[in-house]
Amino acid sequence: MADPIKAVRGTRDILPPDSALWQHVEQAARDVFQRYDFHEIRTPIFEDTQLFARSVGEETDIVSKEMFTWEDRPRAQSEKAQSLTLRPENTAGVVRAYIEHKLGETGKLQKLYYIGPQFRRERPQKGRFRQFYQIGAEVLGPPSAGSESPARDAEIITMLAQLLREVGIRNWELQLNSVGCADDRARYNQALREALAGVKDKMCADCRRRAETNPLRVLDCKVPEDQRIIESLPKISAYLDEPCREHFNEVRKILNHVGLRYQVNERMVRGLDYYTRTTFEFTHGGLGAQSALLGGGRYDGLSEGLGGPKAPGIGFALGLDRFVLALQSEETVGIPDQSPAIYVAPLGQGMNAEAAVIARDLRKQQIATELGDDTFRAKKSFEAAERSGAKFILFVGENEIASEQFALKNLKSGEQMTVARAEIANKLKS
RNA sequence: GUGGGUAUAGUUCAGUGGCAGAACGCCAGACUGUGGCUCUGGAUGUCGUGGGUUCGACCCCCACUACCCACCCCA
């Protein structure tokens with residue numbers, strides 16, 4: 001026999017009953033988004049490779065080594081070959097759609113959310129997959145619509161805290177930072193580079209390398225011996241210009257006022273080039289090394305970088321895979337019960353047809369119903385009913401059909417009653 | 001891309017250089033209209049793949065593959 005085909009590395013199947021947990025998170029997100037006036041956008045799963053190169057950044061790990069990219073060969077003389085890429089994140093696609101459909105011309109603030117798979121060709125580990133799922137939201141629009149306001153930053157972060165609460169994740173921490181505008185970051189990068197030149201020889205091998213390639217990454221180092229040196233390096237806050245400083249202060253002021261706990265972490269570094277000003281990350285203790293539950297930030301120059309109008313924005317992406325892991329690590333949250341309310345058991349020859357009518361009618365009345373078949377004895381029906389998780393079992397036999405009175409039994413309590421055909425649904429609802 | 005760990009029944013896992021195991025689960029019967037208990041019986045399988053050592057390898061050696069964890073990076 002030929003070798004069976006398996007799911008490719010870094011991909012997986014989400015099976016019942018786990019899929020119920022995924023639906024629970026997705027539903028909670030849609031509910032919260034609705035209340036904050038966010039609306040769903042669905043963008044393509046693959047895009048022109050250039051979209052990600054120009055937004056996420058050519059030099060980032062994501063673009064330089066983690067994308068699934070292929071050449072789409074021309075199929076007619078008139079077609080040109082095009083480099084396509086499975087989306088490694090969704091913000092670029094949303095901003096592309098914003099530009100393409102001239103959403104800025106409406107003058108209205110766009111508040112958009114998405115739910116869907118993303119793809120990065122990384123080595124899989126706990127909480128990290130090659131096909132993974134993100135829920136995200138973006139607020140963007142022309143500055144006249146208020147897109148630049150710190151109120152938007154605070155609103156998004158407040159919404160996330162509410163989402164976490166409603167999903168049932170308790171054990172989280174919020175870290176906040178401002179990376180300033182492009183000029184601020186350039187000056188800070190320069191300052192870091194100079195400061196590191198003197199001390200990097202005393203640091204770990206990774207830091208020595210990062211001091212050259214990407215000084216910001218040094219701040220992320222976890223080697224204990226390096227921490228004192230890192231503490232002595234210049235802080236980003238000292239390099240923010242006045243408008244950026246004020247913006248960040250206002251975000252913090254609002255968050256303080258709504259009573260959200262957070263930590264300013266000047267060492268929090270995010271790996272996408274488009275972030276400006278506010279950046280944030282919610283972390284969770286139950287996730288192993290990949291502790292970031294969700295992350296996001298402001299991207300005031302992204303639209304222009306993609307050839308669009310000025311359209312400041314802020315957004316986030318949360319890792320659905322990691323949300324589910326976090327939920328599973330907090331024992332208080334169980335898998336939602338999706339079992340049927342009733343198991344309809346035909347008893348004896350020729351009862352399948354009668355049972356099918358009853359099951360159809362129950363389902364019409366919004367009762368989740370499982371239907372057996374008449375190859376089973378009564379005992380087998382009970383066993384199948386138990387396995388289905390149904391709370392009730394209904395027997396459909398010759399006696400019942402003749403009398404129009406049905407035996408309805410509560411599988412948990414053992415209580416049994418006789419009910420008329422028309423009353424079955426009512427009994428279940430009561 | 002680098003490092004470490006693991007690979008035996010549907011699942012969780014024991015195991016020994018000489019017959020392939022347990023628990024749970026599954027199937028059948030006792031028991032063809034009222035179960036959950038019990039009893040009896042049954043099937044669990046390329047011991048990840050390929051090679052080597054050996055009279056003999058699931059076990060020792062080598063290679064490969066897959067999965068897990070970590071680095072890196074991120075959600």
Worksheet entry | Any donor-acceptor N/O pair under 3.5 Å between B:G33 base and A:Glu400 side chain | yes
Worksheet item: Should B:G3 form a Watson-Crick or G-U wobble pair with both distances under 3.5 Å, which nucleotide is its partner?
Response: B:C69
Fill in: A:Glu40 and A:Arg30 ion-paired at < 4.0 Å
yes
Discussion item. Taking B:G36 as the reference, what is the distance to B:C26 when you measure between their P atoms (whole Å, please)?
Written reply: 14 Å
Item to complete: Once you apply the 3.5 Å cut-off to both distances, tell me the Watson-Crick or G-U wobble partner of B:A43, or none.
Response: none
Discussion item. Taking the C1' atom in each of B:G21 and B:C62, what is the distance between them to the nearest angstrom?
Written reply: 29 Å
Worksheet entry | Nearest-neighbour nucleotide for the A:Lys126 side chain, B:U34, B:C69, B:A75 considered | B:C69
Worksheet entry | Sugar-phosphate only, base, or nothing, as touched by A:Leu272 at under 4.0 Å among non-hydrogen atoms | sugar-phosphate
Worksheet item: Less than 4.0 Å between a side-chain N and a carboxylate O, is that true for A:Glu155 and A:Lys111?
Response: yes
Fill in: Watson-Crick or G-U wobble partner of B:A14, both distances under 3.5 Å
none
Worksheet item: Mapping A:Asp321 and A:Lys412 to their closest nucleotides on RNA chain B, which lands nearer the 5' end?
Response: A:Lys412
Worksheet item: What about A:Glu66, does its side chain sit under 3.5 Å from the base of B:C72 through a donor-acceptor pair?
Response: no
Discussion item. Need one value for A:Asp220: base, sugar-phosphate or nothing, where a base atom within 4.0 Å counts as base even if backbone is also close, heavy atoms only.
Written reply: nothing
Worksheet item: Are A:Glu281 and A:Arg270 close enough for a salt bridge, meaning some N to O gap below 4.0 Å?
Response: yes
Practice prompt. Assess whether one donor atom and one acceptor atom, taken from the side chain of A:Arg123 and the base of B:C69, lie less than 3.5 Å apart.
Written response: no
Worksheet item: Can you find an N or O donor on one side and an acceptor on the other, under 3.5 Å apart, linking the side chain of A:Arg120 with the base of B:C73?
Response: no
Discussion item. Do A:Arg252 and A:Phe248 form a cation-pi contact, if we require the NZ or CZ to be under 6.0 Å from the six-membered ring centre and within 45 degrees of the ring's axis?
Written reply: yes
Worksheet entry | Residue closer to the 5' end of RNA chain B, A:Asn399 versus A:Gly288 (nearest nucleotide) | A:Asn399
Discussion item. Any N or O donor-acceptor pair under 3.5 Å from the base of B:A70 to the side chain of A:Gln290?
Written reply: no
Practice prompt. Please report, rounded to the nearest Å, how far the P atom of B:G33 is from the CG atom of A:Leu394.
Written response: 17 Å
Practice prompt. Pick base, sugar-phosphate or nothing for A:Gly295, based on heavy-atom distances below 4.0 Å to the nucleic acid.
Written response: sugar-phosphate
Practice prompt. Give one of base, sugar-phosphate or nothing for A:Glu398, where a contact means two heavy atoms less than 4.0 Å apart.
Written response: base
Practice prompt. Give a yes/no verdict on a cation-pi contact between A:Arg12 and A:Phe129, requiring under 6.0 Å between NZ or CZ and the six-membered ring centre and an angle within 45° of the axis.
Written response: yes
Practice prompt. Counting heavy atoms from C-beta on, name the nucleotide in B:A75, B:U34, B:G1 closest to the side chain of A:Lys409.
Written response: B:U34
Worksheet item: How far does the P atom of B:U11 sit from the matching atom of B:C60, given to the nearest Å?
Response: 24 Å
Worksheet item: For A:Phe46, which of A:Phe119, A:Phe68, A:Trp70 qualifies under ring-ring contact (aromatic ring centres under 6.0 Å, His included)?
Response: A:Trp70
Worksheet item: Checking all strands, does A:Arg12 fall into the base, sugar-phosphate, or nothing category for heavy-atom contacts under 4.0 angstrom?
Response: nothing
Worksheet item: What's the CG-C1' distance between A:Asn410 and B:G36, to the nearest Å?
Response: 13 Å
Practice prompt. Would you check if A:Phe132 stacks with the base of B:A75, given a 5.5 Å centroid limit and a 30° plane limit, both strict?
Written response: yes
Item to complete: Remember a base hit wins even if backbone is also touched, and classify A:Leu294 as base, sugar-phosphate or nothing at under 4.0 Å, heavy atoms.
Response: sugar-phosphate
Fill in: Opposite nucleotide pairing with B:U53, Watson-Crick or G-U, both atom distances under 3.5 Å
none
Worksheet item: For the side chain of A:Lys379, counting heavy atoms from C-beta on, which of B:U34, B:C71, B:A30 is nearest?
Response: B:A30
Discussion item. My understanding is that a pair needs two contacts under 3.5 Å, Watson-Crick or G-U wobble. By that rule, which nucleotide pairs with B:U34?
Written reply: none
Item to complete: Have a look at A:Gln118 and say if it touches a base, only the backbone sugar-phosphate, or nothing, with a 4.0 Å heavy-atom cut-off.
Response: nothing
Worksheet item: Is any side-chain N of the basic residue among A:Glu166 and A:Arg35 closer than 4.0 Å to the acidic one's carboxylate O?
Response: yes
Worksheet item: Base, sugar-phosphate, or nothing for A:Arg387, non-hydrogen atoms under 4.0 angstrom?
Response: sugar-phosphate
Worksheet entry | Integer-rounded Å distance: B:A75 C1' and A:Leu163 CG | 14 Å
